[in-house]
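One-based numbering, in listed order, for ligands and for the atoms of each. Everything numeric here is computed off the predicted structure, so don't read it as measured data.
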Amino acid sequence: MISEKELLDKVPRGLFIAGSWTDGGAGAFPVIDPATGETLVEIADATPEDGIRALDAAVAAQQEWAATPPRTRSDILRRAFDLLMARADEFALLMTLEMGKPLPEARGEVTYGGEFLRWFSEEAVRISGRYGLNPEGTGRMVISQRPVGPCFFITPWNFPLAMATRKIAPALAAGCTVVVKPAELTPLTTLAFVALLEEAGLPAGVVNVVTTTHSAALSGPIIADPRLRKLSFTGSTPVGKKLIAQAAEGVLRVSMELGGNAPFVVFDDADLDKAVDGAMLAKFRNIGQACTASNRFIVHRSVAGEFARRVTERVAAMRVGRGTEDGVQIGPLIDRKAVEGTEALVTDAVARGATVLAGGAPIEGPGTFFAPTVISGVAAGSSILREEIFGPVLAIATFEDEDEAVRLANDTEYGLVSYVFTRDLARGHRMIDRLETGMMGLNAGVVSNAAAPFGGVKQSGVGREGGLEGIHEFLSTKYTLIPAD
Ligand code: NAD
């Protein structure tokens, strides 16, 4: 296994534009290990002018990349998948260092993130259209799919690899070129990944990466540039709304993977062992910092006490520490602000009558840790039921009947994912129809899969990533009429 120092020594530190590593016009900025508060490395800080240079490169490469045979695009993605799997341990360690998640989870993200490369290498050669006579019999209709053109991607810090590959892989498969701006808190994984793409044979200019501490200033001019065709963003709903407004000016195609407030509904007929296993995954994976993290545990009154007892036992035994240490299940939160936000939500819930069953407070530094927490008896109106927690806090509220469960579950402006635990098949089907979310786990605590369409309804977003649907975010439908005679 490579040492931390060896890994950091070889990680790229520049901007990647038109196939070359360059300095950033704004100097350099530090990337911090959230488990220690120490600087890992310093990397290039891009200016808005650097951003436009990256777009220039993507625009220059667009035509040739779109004309590259699908099989060639597919082979490059497949080679990238093989290279990533061969270096899975290095990518996992890099993510743990910059983001904090426990090493086994980082390893899981390499598998998940890699699957998008494999899946879309397979989809690249299956882009098809339709051909047929019009109903009048006077013309032939050809319906084909064209790449949308140069894309701009803005990604978050919580899944540094998968949020990049989930966008880059379908874009490349469809024949689009790309500028990526990773989150300033976790840019190293994207830099290492683009170096890997180059090694896999990706031509210069097809993917360009700009790292910056001036996200809004850099993104604005790129989004306003008439040569850009598509904006794809994963991050918080408030930032997503601003970006949609900016994209409206150029009538850009947009994909938005935004925040969530997932309900986790446990009915009185649920298999409680399965519900508890599912709860631990849905809540504590990624230290609670996932858009799919269950935010509200809505448990039938008759089983709420037993459910709380069992999850508390599991949570109290969780090992907290730096993600590189053996057996650690809970790493640090991403920064101090995240710790303060989590603490404020717990404090508000307790002030409104909730009981702390485990944890409940930050852990003294170094690093930005919050104790894994269970609170029960969360009252209606508590902020924790309304806002994304993004921390390791499992908050339990109760319900009396199915209608109330549905009303509580849907009582949010978000609609990304829901989790339902019941042994009653008919009830399960009713929940699929009644819960207003883009995805659902029925007796399952994790739903993500490269072969499935990931995305939300309501203010959780627009568009889908992965699955058969994912590539269509990067294709435009073209209809051509050819007279029959
Ligand atoms: P964020 O919105 O603060 O930042 C996301 C990205 O946007 C970062 O790269 C950031 O630098 C950039 N950014 C911030 N302000 C910007 C601006 N004004 N203009 C341009 N870019 C800007 O979100 P975050 O804290 O990095 O990530 C957590 C959020 O992401 C949560 O809300 C989570 O639910 C969401 N998320 C959603 C999904 C999904 O697929 N639906 C997946 C992961 C995370």
Would you mind reporting whether I298 and Y419 have side-chain heavy atoms less than 4.5 Å apart? no
Under 4.0 Å from ligand 1, residues with heavy atoms, in chain and number order, are I154, T155, P156, W157, N158, M163, R166, K181, P182, A183, E184, S215, A216, S219, F233, T234, G235, S236, V239, L243, E257, L258, G259, G260, C291, E388, F390, L416, F454
Student check: side-chain heavy atoms of S232 and E465 closer than 4.5 Å: yes
So, T368 versus K337: side-chain donor-acceptor pair below 3.5 Å or not? no
Would you compute the distance between atom CE of M99 and atom CG of L161 and round it to the nearest 0.5 angstrom? 12.5 Å
Output the distance between atom CZ (F29) and atom CD1 (I43), rounded to the nearest 0.5 Å. 3.5 Å
Can you confirm whether T189 sits close enough to P182 that some side-chain heavy atom of one is under 4.5 Å from a side-chain heavy atom of the other? no
